[in-house]
Amino acid sequence: AKSQGANRYLFFNDSMNKQAVKRLQIENLIRYGLKEDYFVVYYQPKMDIVSGHLVGMEALVRFITPKGGLISPASFIPVAEETGQIIEIGEVVLRKACRDVKTWIDQGLFHGRVAVNLSSRQFSLPFLCELIDDTLQQTELPSYHLELEITEGTVMQSPPQAIETMKKLRARGIHLAMDDFGTGYSSLAYLKQFPLNTLKIDKAFIDDMSNARGRNMVDTIMTIAHNLNLTVVAEGVEQSEQLDMLRKLRCDVIQGYYYSKPLSAADFSQFLQQQKQQ
Ligand code: C2E
Ligand code: CA
Ligand code: CA
Ligand code: CA
């Protein structure tokens with residue numbers, strides 16, 4: 001039994017080492033990327049379900065490798081969250097998103113809101129509001145063009161504190177969206193207390209609309225959200241059948257590959273010009 005225990009210890013130690021090495025590699029890559037400015041922002045359109053017009057977009061971070069390849073956030077955000085590098089990445093994303101949107105507004109191509117994701121770490125920064133104020137000031141973007149996406153998990157870490165921070169942001173004219181709704185710890189009791197503008201239904205629920213139970217679920221979420229006067233965004237909409245069902249359920253806004261994948265700033269600029277001509 002003793003030797004088995006030792007073996008097991010060795011086994012765990014080995015796989016833990018591999019994980020630690022991988023984590024360290026990603027951490028180094030992020031540090032390098034921050035120094036060399038390899039983080040860029042992609043934009044995914046959000047469309048009004050009734051008019052089919054663009055109402056806004058979500059800013060999504062990408063890592064551009066020196067060879068021009070794209071690394072998706074799923075592979076580096078978890079590490080960045082752990083190391084705290086997400087704070088610096090988040091600052092870069094916010095600054096670039098505000099700068100790009102300011103350009104599109106000045107060109108008369110856009111007048112809506114850009115939604116930027118806030119990680120838990122960022123959301124709990126004591127100087128979050130000051131950081132956002134500074135960024136808006138430096139980029140000369142009026143605060144009413146900004147929306148922040150915060151996950152259920154983030155606000156549920158400490159609801160009273162979250163409400164306080166959210167109120168400060170709202171006082172500035174910034175809109176707030178609850179992201180990935182339904183994936184975390186149920187917060188129905190709190191939902192009405194959070195000063196939100198928007199509720200984003202997670203893609204998992206949209207995927208599940210192929211069956212009646214899944215459709216009922218989305219219907220229920222939609223009813224609750226509308227009772228609370230929230231705008232509902234369905235994310236991950238890929239098929240026209242999903243769009244039809246969401247329209248029947250009176251969803252407000254859709255985001256997904258059905259309309260467009262996330263686009264580089266240059267491609268999004270083209271997208272805006274096409275929209276304008278319609
Ligand atoms: P999220 O906030 O839920 O963002 C939506 C994700 O769904 C994006 O993945 C988007 O590309 C993807 N998506 C949108 N429509 C469709 C669709 O029709 N089909 C499918 N299969 N996928 C769709 P992405 O860009 O890879 O980002 C993944 C996650 O990484 C985000 O999930 C968000 O949690 C995080 N993330 C991305 N950018 C940032 C950022 O700047 N800051 C922070 N803190 N997190 C970020
Ligand atoms: Ca999001
Ligand atoms: Ca989401
Ligand atoms: Ca999601």
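Excluded from the calculations below are hydrogen atoms, water molecules and symmetry mates; all remaining heavy atoms, backbone and side chain alike, are included. The residues of the chain are indexed from 1 along the displayed sequence. Small disclaimer: the values here were computed from a predicted structure and weren't measured. Just so you know, ligand 1 is whichever comes first in the structure, and atom 1 is the first atom listed for that ligand.
Counted within 6.0 Å of CD on Gln137, heavy atoms from surrounding residues, nucleotides or ligands total 12 or fewer; the atom is thus considered open. The number of heavy atoms from other shown groups lying within 6.0 Å of CD (Glu238) is above 12.
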Subject >> CA sep, side-chain torsions, deciding dist, call: Gln157, Ser124, side-chain hydrogen bond (donor to acceptor under 3.5 Å, both in side chains) >> reply: CA-CA 10 Å; Gln157 278 176 8; Ser124 53; 5.5 Å; no

**OP:** Go through the steps for Arg31 and Glu27 under the test salt bridge (Lys or Arg N to Asp or Glu O under 4.0 Å), then give the verdict.
**Re:** CA-CA 6 Å; Arg31 190 177 308 115; Glu27 185 181 344; 3.3 Å; yes

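Ring pair Tyr38/Tyr32 is tilted by interplanar angle, where 30° to 60° counts as tilted.
Listing protein N, O or S atoms at distances below 3.0 Å from the Ca ion (ligand 2), with waters left out, gives Glu58 OE2, Asn117 OD1, Glu149 OE1, Asp179 OD2.
Of all atoms in ligand 1, numbered sequentially from 1 with element shown, those under 4.0 Å from a heavy atom of Pro262 are 11 (O). Residue contact check: Asp179 has heavy atoms under 4.0 Å from atoms 2 (O) of ligand 1. For ligand 1, the atoms closer than 4.0 angstrom to any heavy atom of Glu238 are 17 (C), 18 (O), 19 (N), 20 (C), 21 (N). Those atoms of ligand 1 that come under 4.0 Å of a heavy atom in Ile77, given as number and element, are 43 (C), 45 (N), 46 (C). Taking a cut-off of under 4.0 Å to the non-hydrogen atoms of Gln44, the atoms of ligand 1 that pass are 14 (C), 15 (N). Distances below 4.0 Å separate heavy atoms of Val93 from the following atoms of ligand 1: 41 (O). Heavy-atom proximity to Asp180, at under 4.0 Å, picks out these atoms of ligand 1: 3 (O). Within ligand 1, counting atoms from 1 as listed, the ones closer than 4.0 Å to a heavy atom of Pro73 are 24 (P), 25 (O), 26 (O), 27 (O), 28 (C), 30 (O), 37 (C).
Polar contact with ligand 1: absent for Glu81 (N/O pair, distance under 3.5 Å). Not one N or O of Gln122 is nearer than 3.5 Å to an N or O of ligand 1, by distance alone. Here's the thing with Glu58: one of its N/O atoms is less than 3.5 angstrom from an N/O atom of ligand 1. Every N/O-N/O distance between Asp202 and ligand 1 stays at or above 3.5 Å.
Distances shorter than 4.0 angstrom do not occur between any heavy atom of Lys200 and any atom of ligand 1. Between Gly236 and ligand 1 there is a heavy-atom distance shorter than 4.0 Å. At least one heavy atom of Lys203 lies less than 4.0 angstrom from ligand 1.
Linking ILVMFWY side-chain heavy atoms closer than 4.5 Å, directly or via other members, places Val155 and Ile221 in a single hydrophobic cluster.
Taken from NE2 in His175 to OG1 in Thr231, the straight-line distance is 8.0 Å, to the nearest 0.5 Å. For the atom pair CD1 of Ile105 and CD of Glu140, the computed distance is 11.5 Å after rounding to the nearest 0.5 Å. Atom CG in Leu169 sits 6.0 Å away from atom CG in Leu148 (nearest 0.5 Å).
Residue Val253 is found in a hydrophobic cluster whose other members, listed by chain and number, are Val55, Val233; membership requires side-chain heavy atoms under 4.5 Å apart, directly or through intermediates.
Ion pairing between Lys46 and Glu149 holds under the 4.0 Å rule for side-chain N and carboxylate O. For the pair Asp106 and Lys102, the salt-bridge criterion is met [side-chain N within less than 4.0 Å of a carboxylate O].
The six-membered or imidazole ring of Phe268 lies away from that of Phe110, with a centre-to-centre distance of 6.0 Å or more.
Seen from the ring of Tyr257, Lys261 counts as a face-on cation partner, given the 6.0 Å and 45° thresholds.
Residue contacts with ligand 1 for Arg62 involve side-chain atoms from C-beta outward but no N, CA, C or O (heavy atoms, distance under 4.0 Å).
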